[in-house]
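To start, the structure under review is shown below, and the notes come after it.
First the proteins, then the strands, lettered A, B, ... as listed; each starts at 1. We use all heavy atoms of the structure for the numbers below, so side chains are in, but hydrogens, waters and symmetry mates are not.
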2 protein chains.
Amino acid sequence: MLSQAEENYLKEIYALGEETQKLVSTNSIAKKMKTKASSATDMLQKLANKGLVDYTKYKGARLSKKGETRAMVIVRKHRLWETFLVDKLGFSWDEVHDIAEQLEHIQSKTLTNRLDAFLEYPSHDPHGHPIPNTNGKIVASESIILAELKVDEEGIVVGVKDASDSFLKYLNKINITIGDTIKIVEIEPFDNSVTIDNNTQQITISGNVAKNLYIKSE
Amino acid sequence: MLSQAEENYLKEIYALGEETQKLVSTNSIAKKMKTKASSATDMLQKLANKGLVDYTKYKGARLSKKGETRAMVIVRKHRLWETFLVDKLGFSWDEVHDIAEQLEHIQSKTLTNRLDAFLEYPSHDPHGHPIPNTNGKIVASESIILAELKVDEEGIVVGVKDASDSFLKYLNKINITIGDTIKIVEIEPFDNSVTIDNNTQQITISGNVAKNLYIKSE
DNA sequence: AAATATTTTTAGTCTAATCTAAAAAATAGG
DNA sequence: CCTATTTTTTAGATTAGACTAAAAATATTT
């Protein structure tokens with residue numbers, strides 16, 4: 001059985017590797033874990049010994065097959081619990097992360113699967129992130145980012161790429177949430193900011209924000 | 001914040017002190033925690049330094065006011081989660097203890113209270129144990145033990161004193177569960193075994209079993 | 001009450017996960 | 001391409017929680 005620390009490292013290595021598919025650096029892991037590079041090195045060596053990561057000194061690490069399986073279980077649990085907190089207990093999507101960070105370490109396969117059933121097998125968590133199935137597989141999603149839409153095109157907000165507290169709070173403030181239908185009114189070539197219409201209002205968001213919103217075409 | 005180990009000790013000291021109201025011995029704590037007496041001593045000293053237990057060398061320990069408050073929060077969480085697991089996820093009462101042992105350490109007052117609301121403020125967990133309220137108070141229960149009933153008296157099973165796995169499995173086997181109405185048919189003076197009738201069957205249980213069943217008069 | 005047995009504490013070790021400081025390797029700039 | 005900077009690793013220390021072995025206190029027997 002893995003310790004919570006080991007599980008957290010696996011999860012972060014997964015998250016960092018997801019984007020680039022490349023080796024993850026010791027420093028980037030240390031930063032994510034809010035610890036020192038030396039501590040990250042120690043942990044990488046331990047995880048490598050257990051066969052959970054492929055690690056080359058001074059080069060970086062990536063999850064092994066075995067490590068990825070473990071990571072996906074944790075991601076699955078995290079996202080199921082977030083769904084539970086929002087759908088059943090009435091939390092809002094910007095309140096659930098820290099609690100799910102704790103709940104994701106509860107050990108019980110039966111519990112995870114019964115929770116999944118209780119939630120009626122959700123495919124995405126409250127942030128629009130896909131929930132891996134029992135086998136740790138993520139069903140491919142056909143979403144794109146808002147920044148890829150052109151003027152007059154429409155889509156439905158299905159998720160956020162950046163689920164940080166500050167970003168979610170910002171979305172709450174400007175009244176954008178999952179399920180909103182959004183139409184592109186104007187794109188400012190100078191800074192890539194986008195003016196959108198979500199039926200109730202017309203607002204301008206920065207290019208950066210547009211890159212962090214997942215959209216599905218209607 | 002307390003570590004999980006500290007929380008577990010507090011909970012066990014509470015459980016051991018509940019019965020007798022007296023000082024709890026180092027050895028009995030060690031046994032409950034499945035550790036060595038020396039480890040228990042270490043922890044008692046630490047908890048005493050934090051003002052969570054009153055501890056006298058070679059004498060034993062009891063929870064301080066502060067320690068009891070903390071213990072009750074943990075007991076409350078444990079029993080709420082057990083209720084969730086049985087009522088919402090369909091576990092049976094003999095399957096939930098180990099999972100609740102993990103869930104009881106999740107830190108979030110809001111979560112605990114929302115869970116309580118979601119479960120519609122249950123007064124007792126699936127084993128019939130009372131659930132402390134937000135202030136850590138247990139609402140007095142008027143139940144007695146089955147062994148105190150006389151021949152021909154009736155009552156409803158409302159809980160078990162011993163919630164051990166083996167006892168719960170035994171009750172399942174002989175088809176006794178919470179809510180059953182039970183009538184005393186005969187008491188054998190020789191060994192205090194009791195023959196009972198729960199409408200569907202007549203069975204004989206040992207005096208020890210009779211001492212571990214809580215009964216409410218109709 | 002002395003001798004024996006049991007319980008509890010102390011002293012010293014161990015492991016996991018962290019840290020600081022210093023050494024080693026990799027990268028970047030002139 | 002060689003020096004400066006950054007990144008990464010190693011070495012050694014620390015803390016929480018557990019352990020063993022031995023010492024100290026308490027309980028039990030005779």
Between [N] ([atom2]) and [X] ([atom1]): distance, integer Å:
X	N	atom1	atom2	answer
A:Glu7	C:dA16	CD	P	16 Å
B:Asn27	D:dA25	CG	C1'	14 Å
B:Ile29	C:dT9	CD1	C1'	14 Å
A:Met1	C:dA16	CE	P	13 Å
B:Leu44	D:dA16	CG	C1'	16 Å

Minimum heavy-atom distance between A:Val160 and A:Phe167, given as atom pair plus value: CG1-CE2, 3.8 Å
Heavy-atom closest contact (B:Met72 atom, B:Pro132 atom, distance): CE-CG, 3.5 Å
side-chain N/O B:Ser25 vs C:dT7 OP1/OP2, d < 4.0 Å: no
Under 4.0 angstrom between A:Gln45 side-chain N/O and D:dT10 OP1 or OP2: yes
Protein-to-nucleotide contact annotation, 5' to 3' order, nucleotides 18-27 of chain C [B base; S sugar-phosphate only; - none; under 4.0 Å, heavy atom]: BBB---BSS-
Check: A:Tyr9 ring centroid to A:Tyr14 ring centroid under 6.0 Å: no
Touch class at under 4.0 angstrom, heavy-atom based, for A:Thr41 against every strand present: base
Side chain to side chain donor-acceptor pair (under 3.5 Å) pairs, two or more places apart, involving residues 122-139 of chain A: A:Glu82-A:His127
CD on A:Glu104 to CZ on A:Arg76, rounded to 0.5 Å: 14.0 Å
Neighbour count >12 (heavy atoms, 6.0 Å) for atom NZ, A:Lys88: yes
